**Q** 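Before I ask anything, let me first share the structure, which is written out below as structure tokens.
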There are 2 protein chains.
Amino acid sequence: MKALKIPEATVVRLSLYSRHLRQLINDGTLTVSSGEIAAGVGVSSAQVRKDLAYFGEFGTRGVGYNVQELHGHIVRILGLNREWNVVIVGVGKLGSALAVYKGFASRGFNIVGLMDVSEQRIGLSLGKLVIEPLTILEQRIREKSVKIGIITVPGSAAQEVADMMTAAGVSSILNFSPRVLKVPKRVILRNVDLSVNMEVLSFYLSRFESRQ
Amino acid sequence: MKALKIPEATVVRLSLYSRHLRQLINDGTLTVSSGEIAAGVGVSSAQVRKDLAYFGEFGTRGVGYNVQELHGHIVRILGLNREWNVVIVGVGKLGSALAVYKGFASRGFNIVGLMDVSEQRIGLSLGKLVIEPLTILEQRIREKSVKIGIITVPGSAAQEVADMMTAAGVSSILNFSPRVLKVPKRVILRNVDLSVNMEVLSFYLSRFESRQ
DNA sequence: GACTGTGAAGCCATTCACAGCT
DNA sequence: AGCTGTGAATGGCTTCACAGTC
């Protein structure tokens, strides 16, 4: 695979392109131009072409892209042509929401473990899974070769859970807790931080109002 | 206020700094250096100083920053020294999770409306609020001067909800649905997209594995 | 000696604009 | 004529490095 460094923004857009292309497949559209994709996801057509150019030449000059074909390429680029096992630690409302999220399994993400510390939650079932104690996390990660850990515990417990996950060998963590986590360099970390998002909105709102 | 354009990445980091400073205040720390803040949130010290420099000179050379004072500045910069009314549309698991999220009220975000289309949910109460039908959204936004709308409905309903919100006069939308929304330029839109985040992880995971 | 504030340099991502193909 | 692929130009963010201050 190419050694070229891919901007993270490009990866994010590829995910949006793949979703848009799925829609086009459902609609029965056969061919699409960079401009049409661009309009669908709110970027420029040059951006779409540049993003795709990192990975090859998928289109036909004068014509555009074959929808099915391009979708297949992007799915492979994103590593969605295989399955990834996932554990969720913290089965409060947010964790439960993710556990039952439909768009998961269809994209190859299998949730194979739900863990919590609360005695009241342990033993309850959610979908096909039973909520287990945190003590079983390491075993579950190893036996299922789990590569992705999702953290939906309160901030105070988040670092500890991250440490347990990395010790057990996950390669990536999606962190929903309001904490900056320290993880080894080999572990890919992404943060989905509600407070930060709200505060960014607040920043732009108050700037806008003070300019009125 | 300054007309200077602030990078969005700077705003995101300011939110992280403010959280770290709150921690320092709790710990009773009086003074902090850019290097200490940087270590706490995982950026470089030059980055911290540059971010703050957009808004003024808050430190003392040779000494550092007064923790309380700097926190106060950042809170004001982020517009957190006032209250913002918020509505949440879509009270499934995710919407409920946000509705009861503790870190909300403490930062000045008041949830003043929970709306849903489901007959089973309408009338139920969650915290201090009762879930109302979507038909009341516009009225609630106007009477409470709601500036922030949160969308936690399925993708298929998201654009319609966004249209209702903007028609009623919200200035910003935090979108959790897996859709690219079209909103007027005056409306600030932020997306928190679970699928995209998972697919970005998948991309880096499969790149890493193919490099082994 | 320690640490901030900042111009300059470096780096990275996006946009432009056009050659090349159908 | 229409649309892709891409080098060049632009714009923006981050890092460097150091003068200024305590």
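Since the model is a prediction, treat every value here as computed from it, not as a measurement. A note on names: the letters A, B, ... follow the listed sequences, proteins ahead of strands, and every chain is numbered from 1.
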**Q** Any side-chain N or O of B/Y65 below 4.0 angstrom from OP1/OP2 of C/dA2?
**A** no
**Q** Which one of B/F55, B/F58, B/Y54, B/Y17 satisfies the ring-ring contact (aromatic ring centres under 6.0 Å, His included) criterion with B/H73?
**A** B/F58
**Q** Is any side-chain N or O of B/S34 closer than 4.0 Å to OP1 or OP2 of C/dT4?
**A** yes
**Q** Using atom CD of A/E69 as one end and atom P of D/dT4 as the other, report the distance to the nearest whole Å.
**A** 14 Å
**Q** Once each nucleotide of nucleotides 13-22 of chain C is scored for protein heavy atoms under 4.0 Å, what B/S/- sequence comes out, 5' to 3'?
**A** SSB-B-BBBS
**Q** Given that B/E57 and B/E36 both sit by DNA chain C, which one's nearest nucleotide is further toward the 5' end?
**A** B/E36
**Q** Could you tell me if A/Y204 and B/S171 have a donor-acceptor pair between their side chains, going purely by distance under 3.5 Å?
**A** no
**Q** How long is the line joining CZ of B/F58 and P of D/dT21, in whole Å?
**A** 19 Å
**Q** What I want to check is whether the side chains of A/S15 and A/R107 have a donor and an acceptor closer together than 3.5 Å.
**A** no
**Q** Do A/S106 and A/R22 pair up side chain to side chain, a donor and an acceptor below 3.5 Å, judged on atom types alone?
**A** no
**Q** Keeping the roles fixed (side chain from A/Q68, backbone from A/I25), state whether a donor-acceptor pair exists under 3.5 Å.
**A** no
**Q** Could you check how far OH of B/Y17 sits from P of C/dT4, rounded to whole Å?
**A** 12 Å
**Q** Inspect the contact between B/R190 and B/E8 and indicate whether a charged nitrogen and a carboxylate oxygen are less than 4.0 angstrom apart.
**A** yes
